[in-house]
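Structure record follows, encoded as structure tokens.
All values below come from the heavy atoms of this structure, side chains included, with hydrogens, waters and symmetry mates left out.
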Amino acid sequence: MSGGEDSSTQEAPPIRWIQWICLKAAQSIADRVKKGEPFDKLAKELSEDPSAKENSGDLDFFTKDQMVPEFSKAAFGMKKGDISDPVRSSFGFHVIKVTDRKDAETVTLEKAKPQLLAYLKQQKKATEIEKIVHDIREKADVKINLPAAPEAPKLPQAPQ
């Protein structure tokens, strides 16, 4: 990117989610939410995911590539106010509620610049640290002073 070029981001709806390992439990919770029970209360009390318990299941806005494909596909296919049936992913079953929608926006380089610079600085720092560690290992004179391991016992031979 150069000068005033733009970068597009796709934002999903801010959602709430509850996670379970068991499909039957997830379906039961989805039914309760659809009947009007407060999603945040159920997430806090019943989710098997610790972060969903802490934040009452609130994930806020995210892009498609920030979540596992099954979760993103379900969330991006829903409308504001929709509550999903259980969605299966490698983490278990999820009940998703869309709380709002936000159209994709174009981000200018100026707006993205602080995040890009922070990312690039972190990458450079990680590369430098890796190089230093590599150099230290190359120069290290490591001696192992452990006694030799005992020989494994010989197994009797099977009759022929």
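- Summarising the geometry, atom CD1 belonging to Ile29 is positioned 9.5 Å from atom OG belonging to Ser47; distances are rounded to the nearest 0.5 Å.
- Contacts of Gln66 classified as side chain to side chain donor-acceptor pair (under 3.5 Å), with partners at least two apart in sequence or in another chain: Thr63.
- Counting non-hydrogen atoms of other residues, nucleotides and ligands closer than 6.0 Å to CD of Gln123 gives a total above 12.
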Cut-off 3.5 Å, no hydrogens considered: what does the side-chain donor-acceptor table look like for residues 131-150, sequence neighbours left out?
none

Next on the checklist: For a side-chain contact (heavy atoms from CB on, under 4.5 Å) check, start with the C-alpha distance between Phe76 and Phe71, then their side-chain angles and the critical distance, and finish with the verdict.
Outcome noted: CA-CA 9 Å; Phe76 275 85; Phe71 192 95; over 6 Å; no

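- Between the side chain of Lys53 and the backbone N or O of Ala43, no donor-acceptor pair lies under 3.5 Å.
- Taking Ser28 as the reference, nothing meets the side chain to side chain donor-acceptor pair (under 3.5 Å) condition, with sequence neighbours excluded.
- To the nearest 0.5 Å, the span separating CG on Asp82 from CZ on Arg101 amounts to 9.0 Å.
- Residues Lys124 and Leu120 fail the side-chain proximity criterion, which asks for heavy atoms closer than 4.5 Å.
- Heavy atoms only, all atoms of each residue included: Val98 and Met78 are closest at CG2-CB, 3.4 Å.
- Side-chain contact check for Thr99 versus Phe39: every heavy-atom pair is 4.5 Å or farther apart.
- Taking SG of Cys22 as the start and CD of Gln27 as the end, the distance is 10.5 Å to the nearest 0.5 Å.
- Taking NZ from Lys97 and OG from Ser84, the interatomic distance works out to 11.5 Å, rounded to the nearest 0.5 Å.
- The salt bridge (charged side-chain N to carboxylate O under 4.0 Å, His left out) search around Lys111 returns Glu105, not counting sequence neighbours.
- Applying the side-chain contact (heavy atoms from CB on, under 4.5 Å) test to Phe91 and every residue at least two apart in sequence or in another chain returns Gln19, Val68, Ser89, His94.
- The minimum heavy-atom distance linking Ile96 with Ala75 is given by the pair CD1-N, 4.4 Å.
- For Pro38, the side-chain contact (heavy atoms from CB on, under 4.5 Å) partners at least two apart in sequence or on another chain are Asp40, Lys41.
- Nearest heavy atom pair, residue Ala26 against residue Phe93, reads CB-CB, 3.7 Å.
- Judged purely by distance below 3.5 Å, without hydrogens or angles, the side chains of Asp58 and Ser56 never pair a donor atom with an acceptor atom.
- Residues Lys44 and Asn55 form no side-chain contact, since every pair of their non-hydrogen atoms from C-beta on lies 4.5 Å or further apart.
- Applying the under-4.5 Å side-chain rule to Ile, Leu, Val, Met, Phe, Trp and Tyr, the cluster around Leu155 consists of that residue alone.
- Counting only residues at least two apart or on different chains, the salt bridge (Lys or Arg N to Asp or Glu O under 4.0 Å) pairs with a member in residues 25-36 are Arg32-Glu37, Lys34-Asp85.
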